[in-house]
2 protein chains.
Amino acid sequence: MSGRDASIETIQRELTAFARRARHKASQLHPELSLVSYSMLDLMNERGGCRAADLAAHFMLDKSTVSRQVGALEKLGVIVREVDPDDHRGQILRPSEAGLKLLNEAYQMRRQSFLERFTDWDDEDLAGFARYLVRYGEAD
Amino acid sequence: MSGRDASIETIQRELTAFARRARHKASQLHPELSLVSYSMLDLMNERGGCRAADLAAHFMLDKSTVSRQVGALEKLGVIVREVDPDDHRGQILRPSEAGLKLLNEAYQMRRQSFLERFTDWDDEDLAGFARYLVRYGEAD
DNA sequence: CAGTAATGTTGTGCTCTGCAACCAGCACCC
DNA sequence: GGGTGCTGGTTGCAGAGCACAACATTACTG
């Protein structure tokens with residue numbers, strides 16, 4: 001097998017292994033906010049408000065799923081909805097004050113866990129790993 | 001924010017994004033075999049037969065979950081069970097002939113998808129990415 | 001032998017998810 | 001203006017995946 005094949009096989013195995021465990025670890029890390037909820041909240045925050053359709057497209061989820069997740073987030077009081085003034089079909093979704101607080105807490109906890117994991121990586125390796133992941137993710 | 005912090009944030013975001021989409025892509029790639037089922041079958045194969053308790057430990061799943069998954073795999077005819085002769089409490093689980101065939105097909109399909117994704121990566125980048133992933137995964 | 005631990009199975013209930021049907025705005029075109 | 005079709009969201013329904021708890025069976029230990 002060529003070195004190229006071996007590399008691809010390794011990447012395949014490692015990413016699969018990661019996927020297997022991601023949900024489990026995420027739920028341990030911040031039990032009150034699922035991986036998907038956290039990600040949705042994060043995207044709303046990053047974009048300064050977005051629509052349910054944007055979330056569905058970005059996460060490749062059915063709009064019904066997004067609708068329910070958003071409903072749950074609203075019930076929890078971590079987001080606010082407002083009708084889009086430019087298009088009354090849609091809604092603009094934003095994190096509430098409580099949502100921003102929760103998001104920040106979850107982010108700190110996640111970040112702490114990553115920091116611990118990367119203590120023995122030097123800056124160059126970290127930057128390299130990040131570059132590869134971004135490059136990989138861009139093909140999604 | 002330091003470059004180190006930025007790298008960690010990027011890695012965090014990208015790995016989270018990956019986890020979000022992994023299940024979805026896996027189900028598209030081989031609809032008849034879920035990510036978890038595939039992984040279980042793979043582990044049985046790699047270890048030359050294993051017990052349900054091993055699967056539960058490895059995937060950090062409840063034994064009841066494993067029991068049902070294994071039941072489904074058996075019903076599909078992709079594994080065979082036999083009572084462990086050394087310990088009649090346990091069972092040895094192995095892929096059947098059909099299971100090996102399915103495993104190989106799923107593997108080929110996954111590999112094809114990875115090959116396509118990496119067409120524009122040179123060998124060095126591929127090897128580097130693989131190295132980082134392994135190093136990351138070892139801390140699991 | 002009695003007590004404890006390990007292996008699986010089953011009952012129950014929850015969350016996440018997709019599909020299909022539906023309603024409400026918007027856009028276009030005759 | 002009135003049809004036709006598209007887009008954004010909600011709801012009913014069904015299935016998968018998961019954990020917890022209770023249980024039966026087998027093994028180990030004092």
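The chains referred to below are lettered A, B, ... by the order of the sequence lines, with proteins before strands, and numbering in each begins at 1.
The base of dC19(C) lies close enough to the side chain of S64(A) for a donor and an acceptor atom to sit less than 3.5 Å apart.
Scanning residues 67-82 of chain B for heavy-atom distances under 4.0 Å to DNA chain D yields R68(B), Q69(B). Of the residues in residues 38-58 of chain B, none has a non-hydrogen atom less than 4.0 angstrom from any atom of DNA chain D.
Considering only heavy atoms from C-beta on, V36(B) comes within 4.5 Å of L61(B) through its side chain. Taking 4.5 Å as the limit, every side-chain heavy atom of M40(A) sits out of range of all side-chain heavy atoms of I79(A). A heavy-atom distance below 4.5 Å is not found between the side chains of R51(A) and L55(A). The shortest side-chain heavy-atom distance between R131(B) and V134(B) does not fall under the 4.5 Å cut-off. Annotation: side chain of F129(B) is not in contact with side chain of R135(A) (no heavy-atom distance under 4.5 Å). A heavy-atom distance below 4.5 Å is not found between the side chains of Y132(B) and Y136(B).
Judged purely by atom type and a 3.5 angstrom limit, D125(B) has no side-chain atom pairing as donor or acceptor with the backbone of D122(B). Side chain of T10(B) to backbone of A6(B): a donor-acceptor contact under 3.5 angstrom is found.
Following rounding to the nearest Å, D62(B) (CG) and dT15(C) (P) show an atom-to-atom distance of 17 Å. For the pair Q91(A) CD and dT10(D) C1', the interatomic distance rounds to 10 Å; values are reported in whole Å. One can place CE of M60(B) at 13 Å from P of dC20(D), the figure rounded to the nearest angstrom. Summarising the geometry, the separation between CG on L61(A) and C1' on dC16(C) is reported as 9 Å, rounded to the nearest angstrom.
Applying the side-chain hydrogen bond (donor to acceptor under 3.5 Å, both in side chains) definition to pairs two or more places apart or across chains, those involving residues 93-104 of chain B are K101(B)-E105(B). A side-chain hydrogen bond (donor to acceptor under 3.5 Å, both in side chains) check over residues 68-86 of chain B, counting only residues at least two apart or in different chains, returns the pairs S37(B)-Q69(B), E74(B)-R81(B), R81(B)-Q91(B).
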What does the B/S/- profile of nucleotides 23-30 of chain D look like, 5' to 3', with a 4.0 Å heavy-atom cutoff to protein?
---BS---
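Applying the side chain to side chain contact (heavy atoms under 4.5 Å, CB included) test to R4(A) and every residue at least two apart in sequence or in another chain returns S2(A), D123(B), L126(B).
The residue V36(B) sits close only to the backbone: its heavy atoms come under 4.0 Å of sugar-phosphate atoms, none of a base.
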